[in-house]
Engineer: 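Attaching a single structure in structure tokens format; questions to follow.
Atoms within a ligand are numbered from 1 in the order they appear, just like the ligands themselves. All values below were derived from every heavy atom in this structure, side-chain atoms included, with hydrogens, water molecules and symmetry-related copies excluded.
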Amino acid sequence: MNYYVLTLFPEMIENGMNTSIIGRAIAGGYLSLETVNIRDYSLTGNGRIDDYPYGGGAGMVMQAEPIFRAYEDLIRRIEKKPRVVYLTPQGRVFDQRMAEELAREEDLVFLCGHYEGVDERVLEEIVTDHVSIGDYVLTGGELPAMVMMDSISRMVPGVLSNQESGQYESFQDGLLEYPQYSRPEDWRGKQVPPVLLSGHHGNVDRWRRDQSLFRTLKNRPELLAHAELDKKDRRYLQSLLDEEGSSGLTAEEKKFLAKLLAF
Ligand code: ADE
């Protein structure tokens, strides 16, 4: 996977990406990263790339031409026309499925905006995907681009070790991760759940699956509604409904569960 980032803050992208697992993957040649400083394509040669908005209003707008020149220069050099992702709170909301889809591309360009926005005409001209990382507003597109590159990269072969990729499975199932424990067995009076010390792999797997189901029900019930549930999953969820008071579920959660199990 080759990433190209058009930005006013290349050092922010490079510092963020050259660390930890992603840094290791770049060093190992599984990923490549090139940042392009939009300021180098300023019209005036003095680095200015923004101007006042037509129609008035607060803030400045990034002009079309420097961005377009930066983009044109890039595609001329790489001799390809990859998808161009523009980071914006007005875009489609990023999720695991989109990460999986984008991970199948060979090259991706990210365009990071700043100030009050970017001249719409250059967006119309070069952007293929408008993407938001969630319903909140950030000061620029650099962090969202890094969030996307991080989660896309995890799915690029060679980026994660075998051990690391195992950790990804449970979200792929559409359920949240089960809780993890390490030494010591007794930490400040809090015990590791006994089943994890039992050495019985079948029981451990069942317990973990049940924990995933429980957490998903508590924190993200809408995910549970779309997850694939087998007979044993349903039996566990039914047991939560049948328990008198001790299940830790609210009346609302029980109602949701009853409806889910009725199908
Ligand atoms: N730019 C500013 N806020 C953003 C968000 N939530 N997602 C993507 N890009 C953004």
Side-chain angles (χ1 to χ4, degrees), residues 1-22 31 33-42 47-71 74-75 82-105 107-156 171 176 219-220 222-223:
M1 169 68 76
N2 305 305
Y3 297 123
Y4 304 93
V5 185
L6 308 180
T7 171
L8 291 173
F9 301 99
E11 71 289 355
M12 183 174 173
I13 300 286
E14 275 156 24
N15 291 339
M17 296 289 284
N18 283 320
T19 1
S20 187
I21 293 175
I22 305 302
L31 305 171
L33 170 69
E34 181 181 333
T35 55
V36 175
N37 193 339
I38 297 166
R39 222 176 273 292
D40 292 344
Y41 297 86
S42 140
R48 178 142 187 218
I49 47 76
D50 62 346
D51 210 330
Y52 293 99
Y54 278 119
M60 303 293 274
V61 174
M62 285 173 72
Q63 292 168 287
E65 186 63 16
I67 293 172
F68 191 66
R69 285 188 189 177
Y71 167 76
L74 175 69
I75 58 169
R83 282 165 79 168
V84 178
V85 176
Y86 174 53
L87 291 313
T88 166
Q90 277 123 48
R92 210 177 112 204
V93 177
F94 186 59
D95 61 9
Q96 190 65 31
R97 195 181 317 162
M98 201 193 297
E100 280 162 27
E101 195 229 313
L102 290 173
R104 291 195 282 271
E105 299 289 323
D107 306 89
L108 285 172
V109 178
F110 292 90
L111 170 60
C112 304
H114 259 269
Y115 310 113
E116 295 308 301
V118 172
D119 190 310
E120 191 68 22
R121 293 168 295 184
V122 72
L123 300 179
E124 287 167 8
E125 209 55 42
I126 71 172
V127 172
T128 57
D129 302 81
H130 292 67
V131 182
S132 164
I133 61 158
D135 289 339
Y136 42 83
V137 182
L138 300 163
T139 56
E142 283 75 13
L143 285 171
M146 285 194 272
V147 165
M148 288 185 66
M149 288 189 280
D150 189 289
S151 85
I152 292 166
S153 300
R154 301 178 77 251
M155 271 158 302
V156 172
F171 206 89
L176 302 184
N219 299 335
R220 299 290 304 279
E222 79 283 7
L223 293 181

Engineer: Going from CZ on Phe94 to CD1 on Ile152, what distance comes out if it is rounded to the nearest 0.5 angstrom?
Structural biologist: 5.0 Å
Engineer: Surrounding CZ of Arg92 (heavy atoms of other residues, nucleotides or ligands, distance under 6.0 Å), is the total greater than 12?
Structural biologist: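 Count not over threshold, so no.
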Engineer: Less than 4.0 Å between a side-chain N and a carboxylate O, is that true for Arg121 and Glu125?
Structural biologist: no
Engineer: Between ligand 1 and the protein, which N/O pairs are shorter than 3.5 Å?
Structural biologist:
from: ligand 1; atom 1: 3 (N); to: Leu138; atom 2: N; distance (Å): 3.0
from: ligand 1; atom 1: 6 (N); to: Gly134; atom 2: O; distance (Å): 3.1
from: ligand 1; atom 1: 6 (N); to: Tyr136; atom 2: O; distance (Å): 2.7
from: ligand 1; atom 1: 7 (N); to: Ile133; atom 2: N; distance (Å): 3.0
from: ligand 1; atom 1: 9 (N); to: Thr88; atom 2: N; distance (Å): 3.1

Engineer: Would you mind reporting whether Pro144 and Leu138 have side-chain heavy atoms less than 4.5 Å apart?
Structural biologist: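 Heavy-atom side-chain distance check passes, below 4.5 Å.
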Engineer: Heavy-atom distance under 4.5 Å between the side chains of Val36 and Thr7, does that happen here?
Structural biologist: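 When only atoms from C-beta onward are counted, Thr7 and Val36 do not touch, as no gap falls below 4.5 Å.
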Engineer: Aromatic rings His130 and Tyr86: how do their planes relate, parallel, tilted or perpendicular, breaks at 30° and 60°?
Structural biologist: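 The arrangement is perpendicular - the two ring planes meet at more than 60°.
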